[in-house]
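What follows is one structure encoded as structure tokens, with my remarks underneath.
All chains are named by letter (A, B, ...) in the order of the sequence lines, taking the proteins before the strands, and each is independently numbered beginning at 1.
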Number of protein chains: 2
Amino acid sequence: MNRTTVTSGDVARLAKVSQSAVSRTFTPGASVSAKTREKVEAAARELGYRPNALARAMISGRSRTIALLVAYLDNQFYPIVLEQFSRAVQDRGYRVLLFMTDPGNQDAVVEDMMQYQVEAVVMASATLSTGLAQECERAGIPVVLFNRYVPGSPASSVTTDNRAGGRLVADLFLRAQHERIAYIAGAEDSSTNRDREFGFLEGLAAGGKHLHSRAVGGYTFAQAAQAARTLFTQKERPDAVFVGNDHMAFAVLDVLRHELDLVVPREVSVVGFDNVPESGWKGYDLTTVEQPADAMIRETARILFRQLEERQVEKEDAVLPCRLIERGTTHQFDETGAPRHR
Amino acid sequence: MNRTTVTSGDVARLAKVSQSAVSRTFTPGASVSAKTREKVEAAARELGYRPNALARAMISGRSRTIALLVAYLDNQFYPIVLEQFSRAVQDRGYRVLLFMTDPGNQDAVVEDMMQYQVEAVVMASATLSTGLAQECERAGIPVVLFNRYVPGSPASSVTTDNRAGGRLVADLFLRAQHERIAYIAGAEDSSTNRDREFGFLEGLAAGGKHLHSRAVGGYTFAQAAQAARTLFTQKERPDAVFVGNDHMAFAVLDVLRHELDLVVPREVSVVGFDNVPESGWKGYDLTTVEQPADAMIRETARILFRQLEERQVEKEDAVLPCRLIERGTTHQFDETGAPRHR
DNA sequence: ATGAAAGCGCTAACAG
DNA sequence: CTGTTAGCGCTTTCAT
């Protein structure tokens with residue numbers, strides 16, 4: 001290991017210009033004569049100079065870094081969000097500092113992010129204590145909750161209209177005249193689950209139905225499988241089930257088909273939420289409510305960068321529409337409402 | 001937005017100590033009297049002081065940041081790696097700077113990472129030009145290629161024994177006495193594909209067989225589906241196919257079962273590579289070669305942190321064993337080699 | 001154990 | 001357009 005730290009001073013000396021001239025050469029909007037720029041670039045190339053982004057960030061007060069906090073990546077929805085969001089951020093000349101968190105202790109992680117002088121924070125499938133959100137606000141750091149919503153928080157949020165999504169599923173079940181309708185919940189303390197379930201129950205009620213049974217899957221594969229076993233080994237088993245997200249729905253389908261030998265959708269209809277890629281795969285072919293990931297990410301980026309540009313934090317809540325994607329785990333109907341055969 | 005930048009100087013003034021005393025209080029191994037520490041902590045709390053990690057990194061020359069470069073996250077293998085690796089890094093007091101790259105222009109991204117003074121680089125499903133790898137080496141930045149291998153490069157690497165994995169699949173097909181054996185390749189310029197294919201062909205040859213047909217899936221779902229269509233609509237269709245990874249194998253299974261109405265494994269056996277979670281799901285129940293993700297990540301972290309501690313870059317190549325996971329897409333045999341019925 | 005002083009590598013006024 | 005001059009917030013000798 002050797003002295004490989006080439007500084008702008010070294011370049012200046014070799015190019016016989018001032019150190020500021022070097023700085024200007026590497027600053028997009030600065031004014032340098034073609035001749036100076038040339039000399040500097042030649043010297044920089046010769047020495048293998050690279051500006052130190054940390055020093056730059058320190059003095060300019062802009063780290064060009066955005067923190068992304070994610071709780072888990074086994075649900076395919078999040079890797080996709082992560083990938084697209086990272087690309088969006090990179091395209092705008094920013095970097096992503098990634099933090100994996102447990103659904104509990106985010107606050108310690110946020111502390112860490114702030115020490116790194118991130119300019120903004122995005123939390124996917126995770127929330128922030130209102131206290132810390134306020135602190136971020138005071139520090140001028142915009143925070144966006146992605147796919148979560150916290151009523152009193154100063155943090156912005158981007159969600160789909162989960163309640164409307166739940167209602168779409170209820171309507172579908174009503175149309176198919178199901179009798180014993182069940183719900184498998186995600187994490188009960190999440191806003192997504194609350195809203196989906198609320199919309200679903202609301203929709204059923206509007207059609208004069210009530211829930212036959214309910215279990216909790218906690219947004220995990222294993223727990224959802226267990227929930228399915230519980231619900232479908234009752235004396236009177238459900239003939240339709242709405243599962244809080246696709247990831248759990250796959251577990252439910254596995255149990256129904258391969259452990260309980262039920263035929264979907266003939267004996268039971270299943271609907272998920274998210275429309276992750278696997279839902280479109282023929283091995284599952286899952287009817288689901290689509291969350292418009294692309295649009296959600298675009299909104300997130302828009303909110304974030306607007307606040308960064310205007311240099312002020314201003315809460316904004318974006319709620320995007322979702323739509324039902326009917327596939328093979330539910331009965332199909334044609335335009336007249338008559339059952340359609342596949 | 002306001003002057004919320006509380007510095008160690010502010011804390012020092014309030015606590016009536018020197019600025020260095022504040023610094024020491026926040027430096028783990030430093031010597032401060034209990035009394036001073038107390039005063040400083042009280043003042044810091046009162047002002048809401050948080051050390052600036054950037055300034056700290058600049059002066060100490062240690063950013064405690066590791067760059068992670070990933071090409072795509074739609075193959076579930078990588079999100080899992082990403083999650084586990086991030087956690088491993090965080091546990092050791094480092095942060096992850098994430099970069100999504102296209103399989104082509106990594107070098108520009110690497111340039112960016114180096115400006116941010118990362119202490120190490122991990123490249124997953126991507127490679128680095130030997131030139132830049134050398135530059136990293138010279139700069140004292142360890143580089144680990146995860147799941148890739150580049151012969152002449154000074155970068156370290158962590159891979160599974162892909163060649164042995166290919167041979168395992170060949171042996172399985174030989175044991176099942178398949179006649180028309182096909183291969184669907186991943187990205188042809190990747191070391192993983194080269195090694196898997198080489199081991200597979202080697203294994204077939206050892207059993208006196210040769211490949212019946214071959215197509216390229218490029219590690220993508222869509223291209224793999226197309227490859228399956230091509231291979232399985234020949235006059236003489238294969239009775240067994242080894243697919244370069246699980247992600248492509250799902251596409252292949254969808255085409256075989258739902259477009260071509262073939263029964264797996266009765267009419268055709270299918271084997272993948274990786275053992276991603278979906279392979280264990282009953283909707284696919286895919287026979288595959290397991291890559292030991294946990295062990296690979298442990299090795300990556302070990303190599304990286306050893307080099308960071310010893311403060312010198314020293315190439316190391318870890319090759320981990322893989323094993324066959326037999327599931328429902330191939331015929332089962334008992335210990336005696338006789339077919340077993342499921 | 002503590003404070004004073006010297007920078008880390010760079011940008012941002014400010015003159016010229 | 002260019003060089004000079006101050007720092008950004010912190011760690012790290014070096015005395016005391």
>> Going by the rule side chain to side chain contact (heavy atoms under 4.5 Å, CB included), which residues pair with A/Ser8 if we only count those two or more places apart in sequence or in a different chain?
In response: A/Gln19, A/Val22, A/Tyr49

> Contact class for B/Tyr49 (heavy atom, under 4.0 Å): base, sugar-phosphate, or nothing?
Replying inline: sugar-phosphate

Would you find a donor on one side and an acceptor on the other, under 3.5 Å apart, between the side chain of [X] and the backbone of [Y]?
X	Y	result
B/Thr36	B/Val32	no
A/Lys39	A/Leu14	no
A/Ser63	A/Gln117	yes

> Of the non-hydrogen atoms in B/Thr160 and B/Pro292, which two are nearest, and what is the gap between them?
Replying inline: CG2-CD, 2.9 Å

I need the [atom1]-[atom2] distance between [X] and [N], as an integer number of Å.
X	N	atom1	atom2	value
A/Arg62	D/dC8	CZ	P	19 Å
B/Leu54	C/dT11	CG	P	13 Å
B/Met114	C/dG9	CE	C1'	16 Å
A/Asn52	C/dT11	CG	C1'	12 Å
B/Leu47	D/dG9	CG	P	14 Å
A/Asp10	C/dC10	CG	C1'	13 Å

> With sequence neighbours left out, which residue pairs that include part of residues 296-309 of chain A fulfil the side-chain hydrogen bond (donor to acceptor under 3.5 Å, both in side chains) condition?
Replying inline: A/Ser156-A/Gln307, A/Glu299-A/Arg302, A/Arg302-A/Glu316, A/Arg306-A/Glu310, A/Arg306-A/Glu316

>> Does a side-chain N or O of B/Ser8 approach OP1 or OP2 of D/dC10 to a distance below 4.0 Å, or not?
In response: yes

> Do any side-chain nitrogens or oxygens of B/Arg56 fall under 4.0 Å of OP1 or OP2 in D/dC10?
Replying inline: no

Anything under 3.5 Å between a donor and an acceptor, one on a side chain of residues 88-97 of chain B, the other on a protein residue two or more places apart or in another chain? List them.
from: B/Gln90; atom 1: OE1; to: A/Met100; atom 2: N; distance (Å): 2.8
from: B/Gln90; atom 1: NE2; to: A/Met100; atom 2: O; distance (Å): 3.0
from: B/Tyr94; atom 1: OH; to: B/Glu119; atom 2: OE1; distance (Å): 3.3
from: B/Arg95; atom 1: NE; to: A/Asp112; atom 2: OD2; distance (Å): 2.8
from: B/Arg95; atom 1: NH1; to: B/Gly93; atom 2: O; distance (Å): 2.7
from: B/Arg95; atom 1: NH2; to: B/Gly93; atom 2: O; distance (Å): 3.3

> Which letters describe nucleotides 1-8 of chain C, given B = protein heavy atom under 4.0 Å from base, S = only from sugar-phosphate, - = neither?
Replying inline: SBBBB-BB

> Which angle, rounded to 10°, do you find between the first-five-pair axis and the last-five-pair axis of the helix from C/dA1-D/dT16 to C/dG16-D/dC1?
Replying inline: 30°

>> Regarding B/Thr192 and B/Ser190, do their side chains bring together a donor and an acceptor under 3.5 Å, going by distance alone?
In response: yes

> Can you pull the salt bridge (charged side-chain N to carboxylate O under 4.0 Å, His left out) pairs that have at least one residue in residues 68-86 of chain B, sequence neighbours excluded?
Replying inline: B/Glu83-B/Arg87

